[in-house]
Amino acid sequence: MTQYSDGELIEMFHNSDNPNYAFNLIVTKYQTKIYWHIRRLVLDHDDSSDIVQDVFIKAWQAFSNFRKDSTIYTWLYRIATNEAISFLNKKKRKALISFHDIEHALSEKLEADNYFKGDEIQKKLQKAILKLPPKQRAVFNLRYFDEMKYEDMAKILGKSEGALKANYHHAAKKIEDFLKDS
Amino acid sequence: MTKDKNITPDSNKEFNNKYPELSSISKENPFEVPDGFFETLPQKITDRVHNTEKAPLLAKLFPVSVRVSLATITTIAVIFIGFLWISKMDNDYKPYYHNDEYIEDYLLSYYDYYPAEFYTMVAESDISFEDEILSDYPDNDDELFDYILNNAEFYMMNPEDFLDDIE
């Protein structure tokens with residue numbers, strides 16, 4: 001399949017007779033990255049599947065106002081991060097439990113997850129990441145796993161590059177300490 | 001998405017020295033998805049997009065203000081009907097002896113058999129019969145005499161026996 005640039009896809013969406021087709025190409029291009037970003041934040045596959053669908057539905061509803069000078073991927077990552085964090089907050093409110101307890105529940109879920117194929121040390125890393133607050137978890141994942149530029153992360157998370165750098169190293173230190181201690 | 005070109009072997013080395021435990025762990029994705037998940041996801045999203053597109057049509061027909069008004073009217077109607085129903089139930093199950101009409105009927109039917117007791121009971125009760133009802137019943141000796149004769153005839157009794165009977 002031809003890989004269109006974001007600019008071409010935006011052009012196609014706004015000017016072709018079939019915006020559905022253009023949007024479908026956008027979904028196909030970004031679904032994997034967006035899904036994995038969400039999955040690393042919420043861990044569960046079913047929850048991630050629901051959230052990724054919500055993300056693209058929101059994107060569809062807002063796409064007619066999308067500015068041509070923006071990049072689709074930072075915009076989608078921004079929606080995905082907000083959706084995932086708001087999902088965790090809703091879960092917290094629903095259960096009337098603190099993030100510490102959610103982290104414990106997610107950690108238990110990880111133990112029983114049939115779709116986790118990592119070894120014990122990778123499981124330990126995921127549990128260490130769960131110790132971070134959701135937004136810091138997003139910072140760490142985007143930089144460590146996706147190796148995303150701070151400039152793009154700043155657009156996604158609405159923080160300054162300096163703050164993100166400090167946040168990332170603080171997260172890495174917390175994880176390092178957890179791995180050493182456990 | 002482009003990866004950060006500033007992440008160089010040198011910067012990686014620095015990071016690895018600073019966080020050796022973390023750096024020793026593989027960055028390979030440890031999660032999996034069910035078979036065919038990414039192949040079917042665009043269709044699932046398309047289906048949901050079409051479903052959400054139908055919603056605005058309903059929203060146009062019934063804007064929020066109309067929906068709120070309808071909900072309010074329905075709630076008030078339900079409460080009103082419930083109130084009427086409960087009131088009706090209350091009336092239906094009201095003890096019969098609290099019903100003046102019932103007492104009147106009872107006393108009037110009693111009169112057919114025990115007129116003397118009827119007068120006593122009316123005199124002692126708080127029930128005030130309407131004039132036209134009482135006018136149908138004997139209120140002087142002549143009328144009472146006629147009444148005794150008529151009823152004695154009706155019951156094929158001797159008037160004296162009938163009188164003894166009602167006394």
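To find a chain, count down the sequence lines: A is the first, B the second, and so on, and within it residues start at 1.
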Side chain, backbone, both or neither: which part of [X] has a non-hydrogen atom closer than 4.5 Å to chain B?
X	answer
Lys173(A)	both
Ser49(A)	both
Ile72(A)	neither
Tyr144(A)	both
Ile121(A)	both
Glu151(A)	neither
Asp54(A)	both

Which heavy atom of [X] sits nearest to which heavy atom of [Y], and what is that distance?
X	Y	value
Asn20(A)	His50(B)	ND2-CE1, 3.5 Å
Gln31(A)	Pro42(B)	OE1-CD, 3.4 Å
Ser26(B)	Gln122(A)	O-NE2, 3.6 Å
Asp50(A)	Arg48(B)	O-NH1, 4.0 Å

Review point. Using non-hydrogen atoms only, which part of Glu28(B) is less than 4.5 Å away from chain A: side chain, backbone, both, or neither?
Key: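 Its backbone and side chain both get close to chain A.
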
**Study point:** Region of Thr46(B) in contact with chain A, defined by heavy-atom distances below 4.5 Å
**Key:**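 For Thr46(B), the contact with chain A is made by the side chain alone.
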
Residue [X] excluded, over 12 heavy atoms near [atom1] under 6.0 Å:
X	atom1	answer
Asp35(B)	CG	no
Lys58(A)	NZ	no
Lys174(A)	NZ	yes
Asn17(B)	CG	yes
Glu14(B)	CD	no
Lys117(A)	NZ	yes

Exercise for review: Carefully, step by step, assess His169(A) and Phe15(B) under the rule side-chain contact (heavy atoms from CB on, under 4.5 Å).
Suggested key: CA-CA 9 Å; His169(A) 282 282; Phe15(B) 185 89; 4.3 Å; yes

Practice item. For Trp60(A) and Ile45(B), run side-chain contact (heavy atoms from CB on, under 4.5 Å): C-alpha distance rounded to whole Å, both residues' side-chain angles, the deciding distance at 0.1 Å, then the answer. Key: CA-CA 10 Å; Trp60(A) 166 264; Ile45(B) 291 167; over 6 Å; no

Review point. So if you build clusters from Ile, Leu, Val, Met, Phe, Trp, Tyr with side-chain heavy-atom gaps below 4.5 Å, do Trp36(A) and Tyr115(A) land together?
Key: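 In one cluster with Trp36(A): Tyr115(A), no.
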
Exercise for review: Would you mind telling me which of Thr32(A), Ile175(A), Thr74(A) has the largest number of heavy-atom pairs within less than 4.5 Å of chain B?
Suggested key: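 Answer, by heavy-atom pair count under 4.5 Å with chain B: Thr32(A).
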
Exercise for review: Quick one: which of Phe56(A), Phe23(A), Tyr35(A), Phe145(A) has the most heavy-atom pairs under 4.5 Å with chain B, could you say?
Suggested key: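 Heavy-atom pairs under 4.5 Å are most numerous for Tyr35(A).
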
Review point. Does a side-chain heavy-atom distance below 4.5 Å link Leu110(A) with Phe31(B)?
Key: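 Yes - at least one pair of side-chain heavy atoms lies under 4.5 Å apart.
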
Practice item. Measure the spacing between CD of Gln43(B) and CG of Asn24(A) and express it to the nearest 0.5 Å. Key: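 Answer for the CD-CG pair, Gln43(B) versus Asn24(A), is 7.5 Å.
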
Check your understanding: Which value, rounded to the nearest 0.5 Å, describes the distance between Ile25(B) atom CD1 and Asp119(A) atom CG?
Key ->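 Reported value, rounded in 0.5 Å steps: 8.5 Å.
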
Exercise for review: Show your working on side-chain contact (heavy atoms from CB on, under 4.5 Å) between Leu41(B) and Gln53(A) and close with a plain yes or no.
Suggested key: CA-CA 8 Å; Leu41(B) 187 58; Gln53(A) 290 176 47; 3.9 Å; yes

Exercise for review: Using a strict cut-off of less than 4.0 Å between a Lys/Arg side-chain nitrogen and an Asp/Glu carboxylate oxygen, indicate whether Lys124(A) and Glu21(B) qualify as a salt bridge.
Suggested key: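 Salt bridge flag = no for Glu21(B) with Lys124(A).
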
**Study point:** Side-chain donor or acceptor of Arg39(A) paired with backbone N/O of Glu32(B) under 3.5 Å
**Key:**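 Side chain of Arg39(A) to backbone of Glu32(B), a donor-acceptor pair under 3.5 Å: yes, one is there.
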
Review point. Given Lys18(B) and Glu176(A), is the side-chain contact (heavy atoms from CB on, under 4.5 Å) satisfied, shown in steps?
Key: CA-CA 9 Å; Lys18(B) 213 170 177 181; Glu176(A) 182 71 12; over 6 Å; no

